[in-house]
Amino acid sequence: MNRPPLARDRNFLVFWGTQTFSVLGDSFSVIAFPLLMLEATGSLVQMGLLTAVMAAGSLLMGLVGGVIVDRFDRRRLLIACDVARLLLFAAVPVCWAIEPQVWLLFAVAAVASVFGQLFQITYITAVPNIVGRDRVAEANSRLQATASLANIGGPALAGLVAAALGVTAAIAIDAATFGISALGLLAVRLTRTAPAASDRMGLGRDLRTGFVTGARFLWGHPVLRALTVFLTITTFVTLGMTDVIIYQVRYGLGQGENVVGYVMAAAGVGTCVAAVMSAWLRRKLGFGVLWLGAMTLCGVSAAVLALSQDVLVIGAAVLGFWFGLMLAAVSSMSLRQMVTPDALLGRVTAAFWTIHHSLAPLGAAALTAAADRFGASRPLLAVAVIYLGVVAVAFLTPIRGRNPEDVPVPPAR
C-alpha cells in the first residue's frame with residue numbers, strides 16, 4: 001500500500017496539529033496549578049500533595065485503562081477524554097471567580113488525571129493505527145518535537161499570563177485547548193476497526209485481569225522488563241522535580257513568576273531538541289548507547305541543579321535534564337509500540353505506565369517534603385545519585401543492545 005510521506009499525510013497532519021496545540025495548553029497547567037496552590041496556601045507540602053493526587057489518579061486508571069483502550073473505539077475515547085477535561089478545568093476559574101476553594105483543586109486534579117491517563121494510553125496506542133507500525137519512530141519524533149516546542153513558549157507564556165491576568169486565566173486557556181483538540185480529532189481516521197459489541201463480552205473479567213496480561217508481556221520481554229524496573233525507580237524521584245525547581249527559583253533564589261516560567265521553558269527547549277534528534281540518534285548510536293547516555297545526562301544535570309545557586313546555570317541544567325529524559329522516553333516508547341501486538345498494546349502500555357508510576361505519588365510527596373525541610377540541594381543530589389546508579393546497573397542488562405526490537409517477542413495471551 002502506497003502512503004504519502006508523513007509531511008503530506010493529511011490524517012497525520014490533523015492529528016499532529018491538534019495535539020500540539022493541546023500540549024501548549026497543558027504546559028499552562030503545569031505551571032498554573034502549582035502556582036495557584038502556592039498562592040492559596042503558601043505551602044510547598046500542599047503543592048507536593050496536589051502533584052501526588054494527580055499521580056494517584058493516573059495510577060488508578062492505569063490498572064483498567066488498557067482493557068478499555070483495547071476493547072473500545074480509540075478515537076471516541078480520545079474525544080470523550082478531551083471533553084471531560086474541558087469541563088473539569090473550566091470549573092476552576094469559574095469557582096475562583098466566586099470564592100477560592102482549595103478542595104476543588106484536589107478534586108479537579110484527581111478526576112482530570114484519570115481522564116488524562118486514559119487519553120495518554122489511547123494516544124500511544126492510536127499512533128500506530130494512524131501512521132502504521134513501520135513509521136512509529138518517525139511519527140513519535142515529530143509529535144514529541146512539536147509538543148516540546150509548545151512547551152518552550154507555554155511555561156513562559158503561562159508565567160506572563162499569570163502575572164498579568166491571574167493564575168486562573170492560564171487554567172482557562174488550558175480548558176479551551178481541550179475543546180480544540182476534540183474538534184480536531186473528529187477529522188482523524190484510525191485504520192484499526194472499532195471492536196464489535198461481541199468482543200466486549202467478558203469486559204468485567206478483563207478489567208480485573210487486563211493489567212496482569214500487560215504486565216506478563218512486559219515481564220516476558222527482557223528489554224521491556226529491565227526498562228520497566230529502572231523507570232519505576234527513576235520516576236519515583238522525577239515527578240516532584242518540577243515543584244522543587246519552581247520552589248527553588250521562586251523562594252530559594254527570590255525570583256518572580258516570569259523567571260519561573262523562563263526557567264521551566266528551558267525544559268521545553270531540552271525536550272524539543274531531544275525529540276528532533278531522537279530518530280537520528282537512534283539510527284547512529286543504537287538503542288543501548290542512546291538510552292544509557294540519556295540517563296547519564298539526567299544524573300549529571302540533577303547534580304548541577306543541586307550544587308548551583310545561579311539562575312542561568314539552573315536553566316541550563318533544567319534543559320540538560322529534560323533533554324536526557326525525552327531521549328530516554330521516546331526511545332522506550334517507540335520500542336514498546338514496535339514490539340507489542342496491536343491487540344495488546346493498550347494493556348501493555350497501561351501496565352507499563354502503571355508499574356513505573358506506582359511509586360511516583362509517594363516520591364513526589366517525599367521529594368517536596370524533603371526540600372521543604374532541608375532545602376532543595378540535598379534532595380536533588382539524591383536524585384543525581386539514583387540516576388547514575390541506575391545507569392551503572394542497566395549497563396549489565398540487555399538494555400545495552402543496539403537493536404532490542406530483534407529480541408524474540410513472548411506469545412500473546
Side-chain angles (χ1 to χ4, degrees), residues 15 19 53-85 88 110-130 133 136 140 181-182 185 188-221 224-225 227-229 231-232 235 332-361 409-413:
F15 181 76
Q19 295 316 300
V53 164
M54 295 174 72
S58 298
L59 181 63
L60 291 174
M61 174 50 71
L63 294 174
V64 298
V67 172
I68 296 172
V69 171
D70 285 338
R71 290 297 193 101
F72 290 88
D73 185 293
R74 290 172 179 172
R75 186 175 71 105
R76 291 181 180 178
L77 282 176
L78 289 170
I79 294 171
C81 290
D82 271 337
V83 172
R85 289 183 293 172
L88 287 165
V111 181
S113 66
V114 170
F115 285 105
Q117 178 73 335
L118 182 59
F119 183 94
Q120 288 301 320
I121 297 171
T122 312
Y123 172 91
I124 296 300
T125 60
V127 171
N129 300 149
I130 294 171
R133 197 172 293 263
V136 159
N140 284 337
S181 175
L185 287 168
V188 174
R189 301 186 309 277
L190 276 65
T191 56
R192 180 178 189 263
T193 303
S198 59
D199 293 336
R200 294 194 288 271
M201 294 181 63
L203 178 61
R205 180 192 68 249
D206 286 348
L207 287 173
R208 295 190 298 272
T209 63
F211 171 81
V212 175
T213 301
R216 186 183 294 121
F217 183 91
L218 289 170
W219 190 256
H221 194 290
L224 295 184
R225 177 172 65 241
L227 285 171
T228 303
V229 171
L231 288 173
T232 300
T235 302
S332 171
M333 178 175 63
S334 297
L335 176 65
R336 193 171 62 251
Q337 290 168 314
M338 290 164 63
V339 303
T340 306
D342 185 69
L344 282 176
L345 188 52
R347 279 165 284 183
V348 171
T349 299
F352 178 83
W353 281 14
T354 301
I355 293 169
H356 97 264
H357 277 100
S358 59
L359 300 178
V409 179
R413 298 185 184 182

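All heavy atoms count here, side chains included; hydrogens, waters and symmetry mates do not. Fair warning: this is a prediction, and the values are worked out from it, not measured in the lab. Just so you know, residue 1 is the first one in the sequence shown, and it goes up from there.
The CD atom of Gln337 sits 8.5 Å away from the OG1 atom of Thr125 when rounded to the nearest 0.5 Å. Note that CE of Met333 and CD1 of Ile124 are 4.5 Å apart. Values are rounded to the nearest 0.5 Å. Between the OG1 atom in Thr232 and the CG atom in Leu227 there is a gap of 10.0 Å [rounded to 0.5 Å]. Rounded to the nearest 0.5 Å, atoms OG (Ser181) and OH (Tyr123) are 10.0 Å apart. Here the CG atom belonging to Leu190 is positioned 8.0 Å from the CZ atom belonging to Phe15, to the nearest 0.5 angstrom. In this structure, Arg347 CZ and Arg216 CZ are separated by 11.0 Å, a value rounded to the nearest 0.5 Å.
When all heavy atoms of Leu88 and Phe115 are compared, the pair lying nearest together is CD1-CD1, 4.2 Å. Pro128 approaches Leu345 most closely through the heavy-atom pair CG-CD2, 3.9 Å. Residues Ser334 and Asn140 approach most closely at OG-ND2, 2.9 Å, considering heavy atoms. When every heavy atom of Gly66 is checked against every heavy atom of Ala350, the shortest pair comes out as N-CB, 3.4 Å. Of all heavy-atom pairs spanning Ile355 and Ala215, the tightest one is CD1-CB, 4.2 Å.
Each of Leu77, Asp70, Asp73 was scored for a side chain to side chain contact (heavy atoms under 4.5 Å, CB included) with Thr122, with one residue passing: Leu77.
Counting only heavy atoms from C-beta outward, the side chains of Val64 and Met61 approach each other to under 4.5 Å. The shortest side-chain heavy-atom distance between Gln19 and Leu185 falls under the 4.5 Å cut-off. Between Trp219 and Leu224 the shortest side-chain heavy-atom distance does not fall below 4.5 Å. Side-chain atoms of Val53 and Ser113, non-hydrogen and from C-beta on, never get closer than 4.5 Å to each other.
In this structure, Phe217 has its ring center no closer than 6.0 Å to that of Phe352.
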Output, in order, the C-alpha distance, side-chain angles, deciding distance and verdict of side-chain contact (heavy atoms from CB on, under 4.5 Å) for Leu78 and Arg74.
CA-CA 6 Å; Leu78 289 170; Arg74 290 172 179 172; 5.6 Å; no
